[in-house]
Amino acid sequence: MPAAAAIKVMVVDDQTSMRAMIRRALQDFGFKDVRDKPGAVEALSAIRQDRVHLVISDFNMPDMDGLQFLEAVRGDPVIGKTVFIMLTGSSDKEIVQKAAALGVNNYVVKPFAPAALKEKIERVFGELT
């Protein structure tokens, strides 16, 4: 069984089209349990109730941005070790440095090819197939 099939994922992005694209890519990589939420507040509540192994989150979202979301996840004793990959439309060094300081596992600059996302996930989990 490919490793991807055993990994539960939460995709968080305020753009419906981006969530759909990421979901499709993850399913193509062999992921079976892919959930998504349009915002960090809803996602945080959902993963506290039903834990996931991987969070893929946009940086730029209303209400709670990706850095605030990452900080909330890392500060939670139950879900604090969840793998977190940040998506950002900018390669702004300040954002990347803040994310690294907060313990992000990896980040992907948008727009990105599915292969780039797979490579970032495999850097954390190892080969998916």
Closest non-hydrogen atom pair between [X] and [Y], with its separation:
X	Y	answer
R74	L102	CG-O, 3.1 Å
P38	M61	O-SD, 4.4 Å
A25	P114	CB-CB, 4.0 Å

Starting from [Y], can I reach [X] by hopping between I/L/V/M/F/W/Y residues whose side chains sit under 4.5 Å apart?
X	Y	value
I22	M10	no
M64	V52	yes
Y107	L117	no
I79	F125	no
F112	L26	yes

May I ask you to decide if [Y]'s main-chain N or O and [X]'s side chain share a donor-acceptor pair within less than 3.5 Å?
X	Y	value
S45	E42	no
R23	V34	yes
H53	I7	no

* For I85 and L54, what are the C-alpha separation, side-chain angles and deciding distance, and is it a side-chain contact (heavy atoms from CB on, under 4.5 Å)? -> CA-CA 8 Å; I85 295 178; L54 168 63; 3.9 Å; yes
About how many Å separate [atom2] of [Y] and [atom1] of [X], when rounded to the nearest 0.5 Å?
X	Y	atom1	atom2	value
M18	D13	CE	CG	6.0 Å
D28	K118	CG	NZ	10.0 Å
D36	R19	CG	CZ	5.0 Å
I95	D65	CD1	CG	8.5 Å
I56	M86	CD1	CE	12.0 Å
K98	K93	NZ	NZ	15.5 Å

* Do F84 and N106 pass the side-chain contact (heavy atoms from CB on, under 4.5 Å) test, and can you show the C-alpha distance, the side-chain angles, and the key distance before you say yes or no? -> CA-CA 7 Å; F84 200 108; N106 224 320; over 6 Å; no
* Asked: Does the side chain of L44 reach to within under 4.5 Å of the side chain of V73, using non-hydrogen atoms?
  -> yes
* Take K8 and K32 through the side-chain contact (heavy atoms from CB on, under 4.5 Å) test and state the conclusion after the steps. => CA-CA 8 Å; K8 292 193 258 184; K32 303 286 184 220; over 6 Å; no
* side-chain contact (heavy atoms from CB on, under 4.5 Å) between R48 and V78, intermediate numbers included -> CA-CA 8 Å; R48 282 181 172 146; V78 177; over 6 Å; no
